[in-house]
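Since the structure comes first, as structure tokens, the remarks are kept for the end.
The model shown is predicted, which means the values in this text are computed figures rather than measured ones. Below, chains carry the letters A, B, ... as their sequence lines are ordered, and counting in each starts from 1. What's counted below: heavy atoms across the whole structure, side chains too, no hydrogens, waters or symmetry copies.
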Number of protein chains: 2
Amino acid sequence: MARKTATPQLTQDHTELIVLSVLSEGPSYGYSISKQIAARSEDEFRIGASQLYPLLTKMEKQGLVETDWEEIKSKSADPDAPGRKRKWYRLASKGERRLQQRIEAHKRFTSLINSFIATDPAAGAVA
Amino acid sequence: MARKTATPQLTQDHTELIVLSVLSEGPSYGYSISKQIAARSEDEFRIGASQLYPLLTKMEKQGLVETDWEEIKSKSADPDAPGRKRKWYRLASKGERRLQQRIEAHKRFTSLINSFIATDPAAGAVA
DNA sequence: CAAGATATATCGGTTTCAGATATATTGCAA
DNA sequence: TTGCAATATATCTGAAACCGATATATCTTG
């Protein structure tokens, strides 16, 4: 059960980039987004509920995403019971633009970091 | 006086990586390190004194760097005057190992982020 | 001789982080 | 059939990080 955080922590900017990327593939909802990120990163990126939900709310307020509530009907229980709710997020056009900005910023960021470590004789270039 | 933070902020981990990279090219001191980073990143990475000095102190305590004080002699003033002090930092072997770790972590980090944005149809790969 | 650059360092208000907590439903296995 | 894990959203809160401002002092240049 090794818990080494070898990979640097995610800043909110990076988290936003990843969330926008996930949503660019189609609408999703909070819990699924966090599971997708964990699964696709082999558990190296973990976005907890306390980071994800405030971020999604912020993104909604900024108009990057649009939302819909889904009422999940219970299969076995009373069909008139309230049931669980699921909040779907889909990328707004403003969010698509933001995603492109974040990708560009990430490219600059990476190439700048690379320019520093590239001068280190023992460092291989980051492919 | 545009102050757009186009590039994501630096986490302390990333700052440490950059500082270690600079020191891997040879000993330096705080003020010079911050100037080098700004110059080599075309001012996109700015490590202020309030981030750099505490980080250098921490790195020293962790044995990543070793230090020496230099007494800078004034050209014009009294040769017995105290003069300005300059604290030189040089990479310790522990720091070299840490640098390699940070580089590896950065590579993993970058390739993970790339794996997310690569699935975005509009995203070019980060070279 | 004043202003700006060099040089190190801390203070303190704001923001961010992430584990814990809260609440409720659903599915499954003992 | 009951209880636990998983699903699902959301906030609270103590700790850590961030970064502009401040402090102090020297050196250089016009």
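- A/K58 places its NZ atom 10 Å from the C1' atom of C/dT15, with the value rounded to the nearest Å.
- Picking from D/dC27, C/dT10, D/dT9 the nucleotide with the shortest atom distance to the side chain of B/Y53 gives C/dT10.
- Rounded to an integer number of Å, the gap from A/E71 CD to C/dT25 P is 12 Å.
- Here B/W69 lies in heavy-atom contact (under 4.0 Å) with sugar-phosphate atoms only.
- In terms of position along DNA chain C, the nucleotide closest to B/Y29 lies nearer the 5' end than the nucleotide closest to the other residue of the pair B/Y29 and B/P54.
- Residue B/K35 is the one, among B/K35 and B/Y89, whose nearest nucleotide of DNA chain C lies closer to the 5' end (criterion: closest heavy atom).
- Minimum interatomic distance between A/I117 and B/S21 (heavy atoms only, all atoms of both residues): CG2-OG, 3.4 Å.
- One can place CH2 of A/W88 at 15 Å from C1' of D/dT9, the figure rounded to the nearest angstrom.
- In this structure, the CD atom of A/E70 is 15 Å from the P atom of D/dT7, given to the nearest Å.
- If you take CZ of B/F45 and P of D/dC19, they are 12 Å apart, rounded to a whole angstrom.
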**Study point:** Candidate pair B/R98 and B/E16, rule salt bridge (Lys or Arg N to Asp or Glu O under 4.0 Å), full reasoning
**Key:** CA-CA 9 Å; B/R98 173 67 64 87; B/E16 190 185 272; 3.0 Å; yes
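- For the residue pair A/G63 and A/A92, the shortest heavy atom distance occurs at O-CB, 3.4 Å.
- A heavy-atom distance below 4.5 Å is not found between the side chains of A/L17 and B/F116.
- Rounded to an integer number of Å, the gap from B/L52 CG to D/dA21 P is 19 Å.
- Residue contacts for B/G30: at a heavy-atom cut-off of 4.0 Å it reaches the sugar-phosphate backbone alone, with no base atom in range.
- For the pair B/L55 CG and C/dA9 P, the interatomic distance rounds to 13 Å; values are reported in whole Å.
- A/Q51 has its CD atom 15 Å from the C1' atom of C/dT21, to the nearest Å.
- In the set C/dT10, D/dA6, D/dC12, D/dC12 carries the atom at the smallest distance from any side-chain atom of A/S50.
- Comparing D/dC18, D/dT11, D/dA10 by their nearest atom to the side chain of B/Q12 picks out D/dC18.
- Distances were taken from every side-chain heavy atom of A/Y31 (C-beta onward) to each of C/dA18, D/dT7, C/dT6; the shortest belongs to D/dT7.
- Taking the six-membered ring where tryptophan is involved, the planes of A/H14 and B/H14 are tilted, since the angle between them lies from 30° to 60°.
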